[in-house]
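Positions are given from 1, in the same order as the sequence printed here.
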Amino acid sequence: MDLRLLRYFQAVVEERHVGRAAARLHMTQPPLSRALRRLERDLGATLLDRTPQGVSPTPAGDALYAEARALLEQADRLRERVRDAAGTATLAVGTLADTAELLSGRLVAAFRAEHPHVTVSVHESDLSDPTAGLRTGLVDVAFTRAPFDETGLRVHALTSEPVGVVVRAGDPLTRASSVAVGDLGDRRWIRLPEGTDAAWAAYWTGPPHPDAPVLRTIQECLQSVLWNGTSALAPLDQPLPPGLVTVPVHDRAPSRLLIAWRADRVTPLVRSFVHIAARS
């Protein structure tokens, strides 16, 4: 049986929508629909009930999904074992801005002890992609912060940190013990790029301002506050350049530090990395 078709089918069942599954698989909808029909022809059974709202598995589809998931996990384990034995296994790790320091100390030592032949590459993403490369398939696992759309992803929370508004040292807000972002609509807040995850953008920015600068990195945000007096949100433990301070906010829940990975790519190596990170 074609494993590629099984991966397509798995994505459609989990997304309950052909269009969303196509986006997850980085392909267009028509070839995905054709592949599903081919799979149904090969098996001689209708696997999906199709409606304008989406799709759902038939009893035959439920049976195939359970078996396909186990088969695909076994295939992934086989691939990783072969690569590991050949000394060619690789793991791409995504980080988001201030999460990079998590890739040090005990985690690196523990991972290297268990997987000495694995080549690890680290990719840092900007603030426009809170999944740190997972959505685009650039990385296998990522360190990042919530909140963002976790559809199709699995996450494990490592810790959490309160956030605050970053302002100049002489700003009147520094006289307050805490503030509410919702009360600061008169300030000029930074803005994240168009198309950024909605939940992520809503959490990390304040009320919209017509002249808000569009910025992509933490350093761009901090320098904009320093030079131009804009306002930005950051974890309270975020290192700041001289001249800036962080005032705690009480209308944002603490930001969770996460390790995240794709639900459709839970390889043995990814699973091992997550377990090691969780206990380090």
Side-chain angles (χ1 to χ4, degrees), residues 1-43 45-58 60-80 82-83 89-94 96 121 123 125-126 128-142 144 148-156 193-200 258-271 273-274:
M1 185 171 291
D2 190 334
L3 293 182
R4 179 177 55 89
L5 294 182
L6 292 183
R7 292 192 191 278
Y8 290 174
F9 176 73
Q10 179 187 32
V12 171
V13 171
E14 291 174 353
E15 296 293 340
R16 290 296 198 270
H17 193 276
V18 176
R20 289 196 297 269
R24 167 174 155 179
L25 294 164
H26 306 289
M27 61 188 301
T28 58
Q29 188 169 336
L32 177 57
S33 297
R34 290 193 295 270
L36 294 172
R37 293 191 184 94
R38 174 186 163 190
L39 183 61
E40 289 178 320
R41 288 196 304 270
D42 290 346
L43 295 176
T46 299
L47 302 173
L48 298 166
D49 285 327
R50 297 163 172 85
T51 70
Q53 290 72 39
V55 298
S56 59
T58 64
D62 281 328
L64 177 63
Y65 175 75
E67 297 294 335
R69 184 172 180 179
L71 181 60
L72 292 170
E73 288 179 353
Q74 183 178 359
D76 287 336
R77 286 194 298 270
L78 176 60
R79 181 181 296 110
E80 292 299 330
V82 171
R83 288 178 177 174
T90 62
L91 184 74
V93 180
L96 184 70
S121 59
H123 304 271
S125 295
D126 63 31
S128 67
D129 179 17
T131 73
L134 285 175
R135 290 277 186 226
T136 58
L138 179 64
V139 301
D140 304 302
V141 65
T144 183
F148 55 85
D149 180 11
E150 297 176 9
T151 302
L153 304 177
R154 296 182 184 178
V155 303
H156 175 82
E194 190 74 24
T196 298
D197 181 284
W200 172 261
L258 306 173
I259 183 169
W261 61 102
R262 287 176 56 145
D264 61 340
R265 293 186 183 177
V266 190
T267 67
L269 194 53
V270 167
R271 189 179 295 111
F273 187 90
V274 171

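With contacts defined as side-chain heavy-atom distances shorter than 4.5 Å, the pair W261/R271 does not qualify. At least one side-chain heavy atom of L3 sits under 4.5 Å from a side-chain heavy atom of L72. You'll find the side chain of L48 reaches within 4.5 Å of the side chain of V13, heavy atoms only. Contact check for F273 versus V93: side-chain heavy atoms found under the 4.5 Å cut-off. In this structure, L6 and Q10 have side chains that are not in contact, with every pair of non-hydrogen atoms separated by 4.5 Å or more. In this structure the side chain of L138 never reaches within 4.5 angstrom of the side chain of D129, judged on heavy atoms. In this structure, R262 and L153 have side chains that are in contact, with non-hydrogen atoms separated by less than 4.5 Å. In this structure, the side chains of R38 and D2 come closer than 4.5 Å at one or more pairs of heavy atoms.
Considering CG of L96 and CZ of F148, their distance stands at 9.0 Å, rounded to 0.5 Å. From E15, atom CD reaches atom OG1 of T151 across 6.5 Å, with rounding to the nearest 0.5 Å. Interatomic distance, CZ of R50 versus OG of S33, reported as 7.5 Å (0.5 Å rounding). The structure places OG1 of T196 at 8.0 Å from CG of D126, a figure rounded to the nearest 0.5 Å. Atoms CZ and CG, on R37 and L39 in that order, are 12.5 Å from each other to the nearest 0.5 Å. For the atom pair OG1 (T267) and CG (L91), the distance works out to 7.0 Å, reported to the nearest 0.5 Å.
Heavy-atom minimum distance, D264 versus R24: CB-NH2, 2.9 Å. Here the closest heavy-atom approach between residue L269 and residue T90 is recorded as CD2-O, 3.6 Å. R16 and P57 get closest at one heavy-atom pair: CZ-CD, 3.7 Å. Contact between L32 and V18 at its shortest, heavy atoms only, is CD2-O, 3.5 Å. Scanning both residues, G19 and Q29, for their nearest heavy atoms gives CA-OE1, 3.6 Å. In terms of heavy atoms, V266 sits closest to R154 at CG2-NH1, 3.6 Å.
A distance-only check finds a donor-acceptor pair linking the side chain of T144 to the backbone of P130 [under 3.5 Å]. A donor-acceptor pair under 3.5 Å is absent between the side-chain atoms of R7 and the main chain of L25, judged by distance alone. Side-chain atoms of T58 come within 3.5 Å of backbone N or O of T46 as a donor-acceptor pair.
Applying the salt bridge (Lys or Arg N to Asp or Glu O under 4.0 Å) criterion to E150, with sequence neighbours excluded, gives R256.
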Might you work through the side chain to side chain contact (heavy atoms under 4.5 Å, CB included) test for V55 and L36, ending with a clear yes or no? CA-CA 12 Å; V55 298; L36 294 172; over 6 Å; no

Exercise. Go through the steps for V141 and I259 under the test side chain to side chain contact (heavy atoms under 4.5 Å, CB included), then give the verdict.
Key: CA-CA 7 Å; V141 65; I259 183 169; 3.6 Å; yes

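Within the structure, the side chain to side chain donor-acceptor pair (under 3.5 Å) test picks out the following pairs touching residues 61-74 (sequence neighbours left out): E14-Y65.
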